[in-house]
Amino acid sequence: MWSKIERYINRYKLLKNSELYIVTLSGGADSVALLLLLKNADFNVHAAHCNFHLRGDESDRDEAFCVELCQRLGVELHRAHFDTREYAELHKVSIEMAARELRYKWFEQLREDIGAAGICVAHHRDDSVETVLLNLVRGTGLRGLTGIQPRNGYILRPLLCVSRAEIEAFLAEKGQKYVTDSTNLEADVQRNVVRLEVLPLLRKLNPAVAENIQRTAENLAEAQQVLNVAIASINSSNILDLNDLEKYGSNEYLVFEWLKKYGFNGDQVRQILDAETGKIVSSAMGYDVLKDRGRLIVEPALEPFKPMRIPEEGTYVLDEKTRFSVRKKPAYVSKDAHVATLDAAKIRFPLTIRRVEEGDWMQPYGMKGKKLLSDMMTDLKMTIFEKRRQLVVVDAQGIIVWAAGLRVVEFVAVSEATREVLELAF
C-alpha cells in the first residue's frame, strides 16, 4: 500500500523529506494509518489532536489513545480542547460546522507556530467518492464532481489513492489498534447514509464502483484544470462579451464561473442568458448583472440617492467619493465633461441634484426643440446601469439645466452676451 501512496505523493508533489508536517490525529483508523505510514517513511511529523467534548467519556478515551500512541512512536503531540457546543450557539452554526471551523483554525495557527510546511489530513478514496455522490444528489457543476482534492492550500491528503478497506487491512497486518467514533455507525446524517447504505448497494452492481467513481473524478479534475485557463482569461473584468465565448461551444458554464464570485447561482445564469437585452438580475450578495447588446455587465446594486439641495455657491459632499462645487467665474466655456459652465445671470438658486426620473426632458445646447432624457441617453448608447445612475441639476424653476457629463440646456448656455458663468463641477 505504501508504494501506491508514495507514487500518489510524488504525482501531486505533496510532501518533502526535508520539511516538517502536521498529521491531524483523531485516533480513528484513517489518521492512525496516516501517522504510521509517514513516520515509517521517515517524514518529519508532529501530531495534532482536537477534543471537542461532544461524546463524553468517548472523547476523553480518544485523546488518551492518541497520547499513548504518540509516546510509543516518539512523535510530538499537540492537543487542543474546545467547547464546541458553546461555539456553535455563539456563532449560530451547526455542531458539525463548529467543529470544522475550530479544528481548521487551530491547525493553521499551529502550522504557523511550529513552521510546518503542511497539514496532512487522512481523507481516503471512499471519502472522495462519498463527496462526489452527495454533490451529484444535491445538484452540482463540474467542480462538485471532482471529489476531494489532494491539495487545498496547506491542507494535504496523501491517502486519497487508497480505500478504507486497504487502510484497515494495513492496520490489521501491523497489529495496530485504533478507536471508533460511535456516531459514524449511525445512518443519521447524509454522508453516513451514503457510506452505510448507498455504496453497498452500488457495489452489488459493480464491486469496483468506488475505484471507477474516483477515477472519473480525477479525469474531471483534469478537465477542470483546462477550463480554469479559460476562466482565468475572463475573470479580471466586470464586463463579459458573450461573443468571445462562442469559440468554447457553450457559454453557460463559463458565465457561471465568472458570476459565482458575485453571488449568482446556476438558475440565475440561465435566466440572464435566456433574457432579452436590458434584463437585470440581482444576487443575494448585492450585485446586479445586466445583459446589454451581447455583453454582461456586473455592478454593485444601486444605492439610494437622496436629492441634494444646493442653496448657494460652495462645495458639497455627495458621497464618500464625490464632491460637487458651485462657483461664479469670468465667462469661459468648459470642455471637461465633468464641468459645466452656465450663464450665471440666467440661473436661479436653489439648485437641486437628483437622479433622472421618468418623463424628464430638456432642450440640449445646439438642438431645436426639447428631447426626453431617456431618448437622449439611448441615442448615446448608454447602458441601463449608466442611465439609472445619471444625475441632473435642476434650478429653482424646476428646469433641468445640466444632465451631468452629457449636455447643458440651450437657454442657459454660454453666449457672446455672457459676462459671468456659474461653474458646476463634479
**Q** Can Ile119 and Thr24 be said to form a side chain to side chain contact (heavy atoms under 4.5 Å, CB included), step by step?
**A** CA-CA 7 Å; Ile119 302 160; Thr24 62; 3.6 Å; yes

**Q** Where the side chain of Arg111 meets the backbone of Ala116, is there a donor-acceptor pair that is under 3.5 Å apart?
**A** yes

**Q** At what distance, to the nearest 0.5 angstrom, does CD1 of Ile239 lie from CH2 of Trp258?
**A** 8.0 Å

**Q** How about CD on Glu358, more than 12 heavy atoms from neighbouring residues, nucleotides or ligands closer than 6.0 Å, or not?
**A** no

**Q** May I ask you to check whether over 12 heavy atoms, not counting those of Tyr365, lie within 6.0 Å of atom OH?
**A** no

**Q** Is it the case that more than 12 heavy atoms not belonging to Tyr316 sit under 6.0 Å from its OH atom?
**A** yes

**Q** Taking CG in Asp336 as the centre, count heavy atoms belonging to other residues, nucleotides or ligands within less than 6.0 Å. Is the count above 12?
**A** yes

**Q** Given Val392, which of Val409, Leu373, Thr352 fulfils the side chain to side chain contact (heavy atoms under 4.5 Å, CB included) condition?
**A** Leu373

**Q** Do Asp60 and Asn51 get their side chains close enough for a donor-acceptor pair, meaning under 3.5 Å?
**A** yes

**Q** Going by the angle between their ring planes, with limits at 30° and 60°, are Tyr253 and Phe256 parallel, tilted or perpendicular?
**A** tilted

**Q** Quick one: closest heavy-atom pair of Cys50 and Arg103, and the distance?
**A** SG-CB, 3.7 Å

**Q** Please name the residue in the list Leu171, Leu69, Ile167 that meets the side chain to side chain contact (heavy atoms under 4.5 Å, CB included) test with Tyr178.
**A** Leu171

**Q** Under 6.0 Å from the CD atom of Glu86, do we count more than 12 heavy atoms belonging to anything else shown?
**A** no

**Q** Would you kindly say whether Thr378 and Lys387 are connected by a side-chain donor-acceptor distance under 3.5 Å?
**A** yes

**Q** Just how far is it from atom OG of Ser334 to atom CG of Leu424, taken to the nearest 0.5 Å?
**A** 10.0 Å

**Q** Can any side-chain N or O of Lys279 pair as donor or acceptor with the backbone N or O of Leu290 at less than 3.5 Å?
**A** no

**Q** If you measure from CD on Glu218 to CD on Gln224, what distance do you get to the nearest 0.5 Å?
**A** 14.5 Å

**Q** For Phe324 and Phe426, take the angle between the two ring planes, folded into 0 to 90°, and tell me which bin it lands in: parallel under 30, tilted 30 to 60, perpendicular over 60.
**A** tilted

**Q** Between Asn192 and Arg195, is any side-chain donor less than 3.5 angstrom from a side-chain acceptor?
**A** yes

**Q** Can you confirm whether Arg100 is buried at CZ, in the sense that more than 12 heavy atoms of other residues, nucleotides or ligands lie under 6.0 Å from that atom?
**A** no

**Q** Does any N or O in the side chain of Arg293 come within less than 3.5 Å of the main-chain N or O of Thr277, such that one atom is a donor and the other an acceptor?
**A** no

**Q** OG of Ser128 to CD1 of Ile148: how many Å apart, nearest 0.5 Å?
**A** 5.0 Å

**Q** Can you tell me how far the OH atom of Tyr262 sits from the CD atom of Glu299, to the nearest 0.5 Å?
**A** 10.5 Å

**Q** Do the side-chain N and O atoms of Gln109 and Asp113 include a donor-acceptor pair separated by under 3.5 angstrom?
**A** yes

**Q** Could you tell me whether Glu357 atom CD has more than 12 heavy atoms of other residues or ligands within 6.0 Å of it?
**A** yes

**Q** Where does the angle between the aromatic ring planes of His81 and His53 fall among parallel (under 30°), tilted (30 to 60°) and perpendicular (over 60°)?
**A** tilted

**Q** Answer yes or no: is there a donor N or O on one side and an acceptor on the other, between the side chain of Asp292 and the main chain of Arg295, under 3.5 Å?
**A** no

**Q** Looking only at atom types and distance, does a side-chain atom of Lys371 sit under 3.5 Å from a main-chain N or O of Met362, one as donor and one as acceptor?
**A** no

**Q** Just by distance, with hydrogens left out, do Tyr104 and Glu108 show a side-chain donor and acceptor under 3.5 Å apart?
**A** no

**Q** Got a second to check how far Ile114's CD1 is from Tyr21's OH, nearest 0.5 Å?
**A** 12.0 Å

**Q** Could you tell me whether a side-chain N or O of Thr322 sits under 3.5 Å from a main-chain N or O of Asp319, the two making a donor and an acceptor?
**A** no

**Q** For Ser31 and Ala122, indicate whether the former's side chain and the latter's backbone hold a donor-acceptor pair under 3.5 Å.
**A** no

**Q** Does Asp126 offer a backbone N or O that forms a donor-acceptor pair with the side chain of Arg164 under 3.5 Å?
**A** no

**Q** Can a donor-acceptor pair be found, under 3.5 Å and without considering hydrogens, that links the side chain of Thr341 to the backbone of Glu423?
**A** no

**Q** Are His49 and His78 near enough that their ring centres are under 6.0 Å apart?
**A** no

**Q** Tell me whether Asn40 contacts the main-chain N or O of Leu37 through its side chain, where contact means a donor paired with an acceptor under 3.5 Å.
**A** no

